[in-house]
Amino acid sequence: MKSQDDVPSKKSNFITDQIDADIQSGRFNGRVQTRFPPEPNGYLHVGHAKAICLNHSIAKDYSGLFNLRYDDTNPVTENSEFVTGMREDIQWLLEEDLESTPLHTSEYFDQLYAWAEELIMDGKAYVDSQDGETISEQRGGFQEPGVNSPYRDRSIEENLGLFRDMRSGKFSDGECVLRAKISMSHDNMNMRDPIMYRIRHENHFRTGGEWCIYPTYDWAHGQSDAIEKVTHSLCSLEFDSHRELYDWFLDQLGIEGADRPYQTEFARLNFTHTVLSKRLLKHLIEEKIVDGWDDPRMPTLRGFRKRGYPATAIRSFCEHIGVARTNGTHEIELLESFVRNDLNQSAERRMAVLNPLRVTITNWPEGHVEMRTAVNNPEDDSAGNREIPFSGSLFIERDDFMENPEPKYYRLSPGREVRLRYGYFITCNDVVKDEEGNPIEILCTYDPETSGGKAPDGRKIKATIHWVSAEHAIDGSVALYERLFSTEHPGDETGEPLDDVNLESKSILEGTKLEPSIGDLPPGSIVQFERLGYFHLDEEAPLLFHKTVGLRDEWANIVKRRKNA
RNA sequence: UGGCCCGUAGUUCAACUGGCGGAACGCCUGGUUUUGGUCCAGGAGGUUGCAGGUUCAAGUCCUGCCGGGCCAGCCA
């Protein structure tokens with residue numbers, strides 16, 4: 001007997017366990033607030049999608065708040081193009097408007113500055129007038145403690161004066177920094193008097209020339225969380241060693257109780273055959289290996305969108321994989337299976353011949369054309385039907401004919417009969433070849449008794465293939481994509497991921513033959529070309545399709561297995 | 001040769017916090033099918049990194065090893 005227990009409840013994980021405990025103990029008075037804090041210096045990729053979905057769904061599940069906060073603390077790399085782009089991508093992914101308007105760390109510069117002076121007055125921060133190289137040397141190593149800066153014991157008055165001079169622009173870039181006064185012999189390198197402010201005489205895309213000192217991530221992040229009343233600050237594993245510093249700053253400022261956020265780290269998302277580092281992604285663009293951030297081969301949200309990956313599929317994927325603290329790499333096939341699964345339900349079917357081979361039906365009445373009725377989506381009755389013209393001159397897929405059929409190949413070959421989907425049974429009688437012996441035309445006869453693809457004598461047919469009427473077909477182009485990186489773990493062999501880049505990962509087929517109704521598809525449509533895969537009609541270029549993902553292909557598996565044997 | 005984090009099926013995650021190790025994807029077999037798709041049924045695949053210890057009982061707790069990751073930016 002079914003009970004409410006059978007209703008799949010949200011997957012629990014170490015983060016939701018913590019939140020449950022916090023609610024139990026009343027730590028935040030039952031409040032839950034998360035945030036997604038991207039730095040606007042590039043476009044978002046699937047790795048970010050995991051973080052967005054996680055933070056967003058936690059807020060939703062606990063009736064809490066989810067903020068988008070641009071972490072714009074470094075004016076040299078950030079700009080407003082990325083701010084706009086990220087917003088678009090997030091809205092596309094979530095398919096809903098953000099409840100709160102996007103926030104910016106730069107909105108907190110005044111508060112951050114005031115707090116910094118507070119720390120100086122408490123003797124917990126000082127201005128160091130050494131250059132970066134010296135500071136770096138003095139930090140020590142994993143086994144050796146660092147040494148104190150000669151400026152570490154400046155008086156509070158001197159520090160305050162110097163810090164105000166930093167702010168007012170008396171110093172040039174790199175002349176001095178504000179450092180937290182913690183310990184130069186701490187086991188955790190992040191605690192060895194970390195830098196809080198550095199000087200950048202640089203125009204900031206939001207605050208313009210108002211500031212010439214900018215807070216570092218460590219100084220800005222936890223405090224921004226606190227200002228926004230974030231409860232659960234989720235970030236990726238590499239920030240684990242920063243948590244101690246995150247807590248230290250909050251301690252010094254006396255931010256306690258229900259006002260005090262805490263950081264929890266989780267493993268970021270990785271995929272086989274993929275790189276997700278911004279450095280590498282930018283390199284692919286700069287070197288023109290791909291066509292830009294929205295190239296369908298890119299693991300960016302814009303790339304996925306152009307490729308035809310539905311946002312719903314990405315969200316279900318993210319929900320499915322959950323969160324953990326184990327560093328691992330997902331097989332890209334798993335994401336693809338979510339895309340197929342989604343599109344199988346939603347995408348209408350059409351017939352398209354990518355590599356055309358002419359078929360002439362020799363016993364077809366000259367000039368005769370018949371309209372055949374085809375189902376738009378067998379998974380969705382409401383999608384209805386459409387009409388497709390059938391004639392005596394057709395195109396079929398080159399792969400659907402083999403002159404000397406291999407074992408287990410049961411499509412068309414001389415003497416063999418196949419079904420044309422929604423059409424008739426045809427038998428191959430003859431092959432016309434060019435000088436090199438390549439088949440250029442197949443001569444067949446059709447069985448008039450098999451109209452609609454049913455044989456009155458009940459005779460079984462092994463294969464059904466797709467087709468398009470030659471005189472009615474419209475021409476289109478199809479962009480085919482392979483993995484951008486040929487190896488599962490790019491760079492594993494040589495240490496350089498770019499060595500494994502597949503320079504032939506994109507190919508464009510011109511002169512593909514499409515059934516007439518495809519001409520009516522609105523830009524952006526995603527359809528299944530029967531027996532081939534899912535294809536996304538470009539938003540701008542007419543009749544240009546991007547291959548989203550292929551159908552599972554048993555025959556391809558057989559061929560592959562044979563090759564490996 | 002420091003500190004911290006992590007090791008469960010090929011991959012990614014579960015296992016009611018000490019009580020007979022499961023799922024998804026992938027793979028294989030069969031069924032259905034006018035898509036070699038979908039769907040349905042079944043199967044293979046594990047010394048829970050290794051070695052000890054505690055316990056009636058350990059994936060779970062303890063110790064030691066081994067392996068992987070992160071940390072010495074005025075990046076985030």
Side-chain angles (χ1 to χ4, degrees), chain A residues 11-13 17 37-39 41 71 73-74 76-78 128 131-133 135-146 173-179 186-190 192 194-200 213-214 216-218 220-221 235-244 265 267 269-270 272 278 320-338 340-341 344-345 349 351 374-375 378-379 408-411 419-423 425 450 452-455 461-466 488 528-533 550-558 561:
Chain A
K11 281 208 300 202
S12 74
N13 53 58
D17 288 349
E39 185 190 13
N41 67 348
D71 203 7
T73 56
N74 187 355
V76 317
T77 56
E78 300 154 2
D128 194 341
D131 60 41
E133 204 178 321
I135 290 177
S136 174
E137 280 163 14
Q138 288 174 351
R139 190 140 28 222
F142 294 133
Q143 278 116 101
E144 313 84 40
D173 288 10
E175 232 182 304
C176 49
V177 290
L178 184 73
R179 291 231 253 170
H186 203 108
D187 276 341
N188 183 345
M189 298 293 273
N190 297 116
R192 317 250 260 228
I195 285 157
M196 296 168 65
Y197 276 97
R198 66 301 208 188
I199 299 170
R200 292 278 137 88
I213 57 170
Y214 291 93
T216 56
Y217 167 86
D218 284 312
H221 206 86
C235 64
S236 45
L237 246 27
E238 66 266 32
F239 291 100
D240 185 289
S241 61
H242 292 250
R243 190 178 57 240
E244 196 170 8
E265 312 82 24
L269 179 59
N270 292 303
T272 53
K278 245 177 231 174
H320 173 86
I321 58 169
V323 263
R325 283 180 70 84
T326 36
N327 253 318
T329 304
H330 282 268
E331 289 169 339
I332 191 70
E333 289 83 355
L334 182 61
L335 208 215
E336 290 174 342
S337 82
F338 273 82
R340 279 196 202 98
N341 196 33
N344 177 50
Q345 299 299 319
R349 310 280 116 145
M351 290 205 283
V375 173
E379 307 292 324
K408 286 199 172 166
Y409 180 87
Y410 46 78
R411 273 109 93 154
R419 171 168 37 229
L420 294 175
R421 176 140 237 231
Y422 302 122
F425 290 6
T450 57
K454 288 183 202 61
I461 224 78
K462 239 354 205 229
T464 301
I465 66 174
H466 61 279
E488 277 197 7
Q528 182 196 105
F529 289 163
E530 295 224 20
R531 303 208 306 129
L532 297 175
L551 259 25
R552 276 187 61 216
D553 188 345
E554 178 62 22
W555 172 243
N557 273 0
I558 292 172
R561 234 179 296 152

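Proteins get letters first, then strands, A, B, ... in listed order; numbering begins at 1 in each.
One atom, CG of A/D187, and another, P of B/rG2, lie 11 Å apart when rounded to the nearest Å. Nucleotide B/rC74 holds its C1' atom 14 Å from the OH atom of A/Y214, rounded to whole Å. One can place CG of A/L237 at 10 Å from P of B/rG7, the figure rounded to the nearest angstrom. Whole-Å rounding puts the A/E530 CD to B/rG36 C1' distance at 13 Å. B/rC27 atom C1' lies 11 Å from atom CD of A/E331, rounded to whole Å. With rounding to whole Å, A/Q143 atom CD is found 14 Å from B/rC4 atom C1'. Distance A/E488 CD to B/rU12 C1': 13 Å, rounded to the nearest Å. The CD-P distance, from A/E265 to B/rG69, rounds to 19 Å in whole Å.
Taking only side-chain nitrogens and oxygens, A/R552 never comes nearer than 4.0 Å to OP1 or OP2 of B/rG37. In terms of phosphate contacts, A/R419 brings no side-chain nitrogen or oxygen within less than 4.0 Å of OP1 or OP2 of B/rG36. For A/T216 and B/rC75, the shortest distance from a side-chain N or O to OP1 or OP2 is not below 4.0 Å. Contact between the side-chain N/O atoms of A/R421 and the OP1/OP2 oxygens of B/rU33 is not found at any separation under 4.0 Å. Distances shorter than 4.0 Å separate some side-chain N or O of A/T326 from OP1 or OP2 on B/rC13. Side-chain N/O atoms of A/T329 include none lying less than 4.0 angstrom from OP1 or OP2 on B/rU12. Proximity of A/N327 to the phosphate of B/rC70: no side-chain N or O atom is located under 4.0 Å from OP1 or OP2. A/R179 has no side-chain polar atom (N or O) that falls below the 4.0 Å cut-off from OP1 or OP2 of B/rC74. Distances shorter than 4.0 Å separate some side-chain N or O of A/R198 from OP1 or OP2 on B/rA76.
Where A/N557 and A/A324 meet RNA chain B, the nucleotide closest to each residue was compared, and A/A324 sits on the side nearer the 5' end. Looking at which nucleotide of RNA chain B each of A/A267 and A/I558 is closest to, the 5′-most match is held by A/A267.
Closest contact between the side chain of A/R561 and the listed nucleotides B/rC74, B/rC71, B/rU29 involves B/rU29. Taking only side-chain atoms of A/R349, from C-beta outward, the nucleotide of B/rU35, B/rG36, B/rA76 with the closest atom is B/rU35. For A/Y410, counting side-chain heavy atoms from C-beta on, the closest listed nucleotide (B/rG36, B/rG2, B/rC70) is B/rG36. Across B/rG37, B/rC25, B/rG36, the shortest atom-to-atom separation from the side chain of A/S337 is found for B/rC25.
B/rU38 and B/rC20 are spaced 36 Å apart, taking the C1' atom of each and rounding to whole Å. Nucleotides B/rA15 and B/rG7 are separated by 12 Å at their P atoms, to the nearest Å. When the C1' atom is used for both B/rA44 and B/rG53, the distance is 36 Å, rounded to whole Å. B/rC28 and B/rC71: their C1' atoms are spaced 45 Å apart (whole Å). Taking atom C1' on both nucleotides, B/rG45 is separated from B/rC66 by 25 Å, rounded to a whole Å. Only the C1' atoms considered, B/rG73 is 44 Å distant from B/rG46, to the nearest whole Å. B/rG52 and B/rG59 have their P atoms separated by 14 Å, with the value rounded to a whole Å. Comparing the C1' positions of B/rU33 and B/rG69 gives a spacing of 48 Å, expressed to the nearest Å.
A donor N or O paired with an acceptor N or O is found under 3.5 Å between the base of B/rG36 and the side-chain atoms of A/R411. Side chain A/Q528 to base B/rG37: no donor-acceptor pair is found below 3.5 Å. Taking 3.5 Å as the limit, the base of B/rG26 and the side chain of A/E336 contain no donor-acceptor pair of atoms between them. Between the side chain of A/H186 and the base of B/rA72, no donor-acceptor pair of N or O atoms lies under 3.5 Å. Put simply, the side chain of A/Q345 and the base of B/rU38 share no donor and acceptor less than 3.5 Å apart.
B/rU29 adopts an anti glycosidic conformation, its chi angle falling more than 90° from 0. Classified by its glycosidic torsion, B/rG73 falls in the syn category, the angle being within 90° of 0.
Under the 30°/60° scheme for interplanar angles, the aromatic rings of A/F338 and A/H320 are found to be tilted.
A/K278 comes within 4.0 angstrom of no nucleic acid atom, judged by non-hydrogen atoms across all strands. Contacts of A/D17 with the nucleic acid, taken as non-hydrogen atoms under 4.0 Å apart, include base atoms.
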Would A/N74 and A/N41 satisfy side chain to side chain contact (heavy atoms under 4.5 Å, CB included), going step by step from the backbone distance to the final call? CA-CA 9 Å; A/N74 187 355; A/N41 67 348; over 6 Å; no
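The backbone N or O of A/G550 sits less than 3.5 Å from a side-chain atom of A/R340, completing a donor-acceptor pair. At distances below 3.5 Å, at least one donor-acceptor pair connects side-chain atoms of A/T272 with backbone N or O atoms of A/I332.
Partner of A/N188 under the side chain to side chain donor-acceptor pair (under 3.5 Å) criterion, out of A/H242, A/E244, A/R243: A/E244 alone.
With a cut-off of 3.5 Å on both pairing distances, the Watson-Crick and G-U wobble pairs of RNA chain B assemble into stems of 3 or more at B:2-7 with B:66-71, B:10-13 with B:22-25, B:27-31 with B:39-43, B:49-53 with B:61-65.
The stacking criteria are not both satisfied for A/Y217 over the base of B/rC75, which would need a centre-to-centre distance under 5.5 angstrom and an angle between ring planes under 30 degrees.
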